[in-house]
Amino acid sequence: MAYLWEVFMDFRGVIWEGTLTTLYMTFATVGLAYAIGLPLGVLLVCLGKGGLFPNKTVHGVLSFVVNTGRSIPFLILMVALMGFARFIVGTGIGATAALVPLVIAAAPFISRMVETALNEVDAGIVDAAKSMGATNFQIIRKVMLPESVPSLIRGFSITTIMIMNFSAMTGAIAAGGLGDMAIRYGHMSRNTHVIIIIVIVIVIIVTLIQLLFNFLAAKIDKRLA
Amino acid sequence: MIILGVVGVIRLVGVSKVFPNGEVALDNVSLTIDEGDIFGIVGKSGAGKSTMLKLIGLLTQPTQGDVEIFGENTCAIKNSKANAIKKNIGTVFQGYNLLMQRSVARNIAFPLELTKTDKKAARARCVELAELVGLADKLGAYPASLSGGQKQRVAIARALATSPKILLCDEPTSALDSFTAKEILRLIKDINAKLGMTIVIITHDIHVVRAVCNKTVVLDGGRVVEVGETGDVLDNPKNPATKMLLDFQI
């Protein structure tokens with residue numbers, strides 16, 4: 001244990017830098033992927049059977065694209081998109097380049113999370129809004145999204161943690177972050193202690209994220225007395 | 001085909017509704033509901049009551065025939081016009097259908113938000129309606145903390161927010177105990193007396209129509225089998241479907 005502490009003190013600069021890069025990759029991805037996944041999830045619900053504007057064909061195409069995006073293993077997606085990342089952000093390696101495959105991997109997952117959350121909204125409430133003359137846009141903005149906020153927040157925590165896990169893999173394209181540190185200073189230098197310390201740091205971050213979002217969801221959820 | 005009255009706030013003329021699976025929900029129904037009526041629509045499950053309410057509430061279109069609201073044929077109008085008519089129709093649902101993430105005040109104000117009513121005016125209207133339904137002290141509460149009767153009062157207040165001319169009630173008391181149900185029916189009667197509003201109630205419960213409705217229609221298999229003053233319909237039933245409804249009342 002004392003030795004572990006010694007190793008931590010030796011590598012604290014590296015671990016701190018890795019933590020910041022991991023948080024940057026995670027939250028930048030969350031922001032960008034939600035910008036794509038949230039509207040996509042809303043569209044999946046609205047175009048689906050019993051939705052606000054059902055369309056079997058468009059829903060089928062969208063659903064296929066989302067399923068395909070979710071099926072590709074992240075490691076393959078990351079390597080395959082290196083060229084595309086170079087085109088988008090000017091480089092195929094590094095943390096910012098890693099955002100491209102991370103966003104593309106996370107957006108379909110988020111859209112399904114959003115879809116599940118929105119489907120939990122009682123159809124009767126949507127009917128009530130329709131009976132009051134609400135437009136489809138008003139129903140989405142004032143009924144479906146606000147009513148599913150607690151579920152959306154819970155989905156947000158799952159997504160954030162998943163993206164953090166994915167970001168660890170971006171070490172393979174020298175993206176930096178805790179995963180990269182674990183590979184470089186732990187695995188390649190045959191230093192198991194560094195790996196253990198990095199795992200502990202990741203567990204602490206994941207626990208904090210989970211606790212924060214659980215607290216927020218419970219605070220915001222008014223559906224139960 | 002039985003036609004009651006000549007002109008009315010709500011008119012159904014030769015209305016049929018057939019679902020895509022071939023099921024006939026309504027079959028050549030004609031009906032007139034006059035201003036200020038508390039009109040009961042009764043029938044057993046599957047008689048076509050809910051479909052009729054959805055047609056009046058502009059939530060579905062008939063396969064055949066015309067539905068006229070305030071003299072306007074709703075089958076031949078654009079969405080924007082339909083939404084304008086909907087704002088003159090308030091609906092109270094069996095399951096309350098309240099927005100669970102909104103407080104009582106924000107639930108009541110919801111239809112006013114849709115019409116982009118000034119916030120100050122909406123707040124004043126909320127307070128006024130909460131007082132009318134006896135929930136002035138619950139404006140900040142959330143629906144999950146309310147009893148069934150209180151939830152239905154919120155739903156009624158919400159339905160009245162835009163000062164509609166018609167109030168549609170879909171089985172408004174069936175989820176409530178008999179004491180609370182009586183209170184809600186008294187409230188509906190008060191609203192009719194105070195605001196002169198036309199009220200349409202669909203129910204399978206004869207007690208409800210007897211307690212509040214001045215006119216009643218009995219539906220069976222999607223057809224109108226009896227219609228008239230509530231006393232006449234219930235005290236001198238002519239059709240076997242009406243007799244059966246009366247026989248099966250607890």
Side-chain angles (χ1 to χ4, degrees), chain A residues 38 41-42 45-46 48-57 114 116-156 213-225, chain B residues 50 53-60 79-104 106-116 140-147 150-151 154-155 158-162 164 166-170 175:
Chain A
L38 186 69
V42 171
V45 175
C46 294
K49 199 178 168 190
L52 290 176
F53 35 88
N55 186 317
K56 214 173 164 183
T57 315
V114 171
T116 310
L118 295 185
N119 275 333
E120 277 177 25
V121 176
D122 185 356
I125 299 177
V126 175
D127 278 348
K130 279 185 195 166
S131 77
M132 292 171 209
T135 61
N136 285 342
F137 183 66
Q138 283 176 321
I139 292 174
I140 293 167
R141 202 167 66 86
K142 290 181 179 289
V143 179
M144 287 163 64
L145 288 173
E147 284 295 298
S148 57
V149 159
S151 303
L152 286 172
I153 288 178
R154 289 191 180 95
F156 193 86
F213 286 114
N214 281 356
F215 170 78
L216 277 178
K219 193 96 184 141
I220 287 169
D221 201 343
K222 307 288 183 194
R223 296 173 299 183
L224 298 169
Chain B
S50 295
L53 204 77
K54 278 184 182 166
L55 284 165
I56 299 171
L58 274 65
L59 290 175
T60 188
N79 267 352
S80 54
K81 181 83 182 171
N83 282 346
I85 292 178
K86 279 181 188 172
K87 293 194 172 114
N88 269 308
I89 304 173
T91 309
V92 176
F93 300 89
Q94 179 180 4
Y96 325 121
N97 294 356
L98 298 177
L99 292 142
M100 302 305 279
Q101 289 290 114
R102 281 176 173 243
S103 64
V104 166
R106 292 192 61 226
N107 259 289
I108 298 174
F110 183 63
L112 299 171
E113 252 180 71
L114 298 178
T115 52
K116 298 185 172 71
Y142 283 84
S145 67
L146 302 179
S147 69
Q150 288 172 325
K151 281 181 195 162
V154 177
R158 183 179 66 177
L160 299 177
T162 52
I166 299 170
L167 181 66
L168 304 180
C169 304
D170 182 359

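Proteins get letters first, then strands, A, B, ... in listed order; numbering begins at 1 in each. Everything quoted here is computed from the prediction, not taken from an experiment.
Annotation: residues 124-133 of chain A contacts chain B through Gly124(A), Ile125(A), Asp127(A), Ala128(A), Ala129(A), Lys130(A), Ser131(A), Met132(A), Gly133(A) [non-hydrogen atoms, separation under 4.5 Å].
Between Glu113(B) atom CD and Arg141(A) atom CZ the span is 8.5 Å, to the nearest 0.5 Å.
Judged by distance alone, the side chain of Gln138(A) and the main-chain N or O of Leu114(B) form a donor-acceptor pair under 3.5 Å.
The candidate from Ile85(B), Asn97(B), Asn88(B), Leu146(B) with the greatest count of non-hydrogen atom pairs under 4.5 Å with chain A is Asn97(B). Per-residue counts of heavy-atom pairs under 4.5 Å with chain A were compared for Thr91(B), Leu58(B), Leu59(B); the largest is that of Leu59(B). Annotation: maximal heavy-atom pairing with chain B below 4.5 Å, among Thr135(A), Asp122(A), Val143(A), Val121(A), occurs at Val143(A).
Annotation: Phe215(A), atom CZ; neighbour count of heavy atoms from other residues, nucleotides and ligands within 6.0 Å does not exceed 12. Counting heavy-atom neighbours within 6.0 Å of Lys151(B) NZ, excluding the residue itself, gives a total above 12. Atom CG of Asn79(B) sits in a sparse spot, with 12 or fewer heavy atoms from other residues, nucleotides or ligands closer than 6.0 Å.
Only the backbone of Leu98(B) comes within contact range of chain A, judged by heavy atoms closer than 4.5 Å. For Arg158(B), the part sitting under 4.5 Å from any heavy atom of chain A is the side chain, from C-beta outward, and nothing else.
Residues Gln101(B) and Pro150(A) form a side-chain contact, since some pair of their non-hydrogen atoms from C-beta on lies under 4.5 Å apart.
The minimum heavy-atom distance between Glu147(A) and Met100(B), with the atom names listed, is OE1-N, 2.9 Å.
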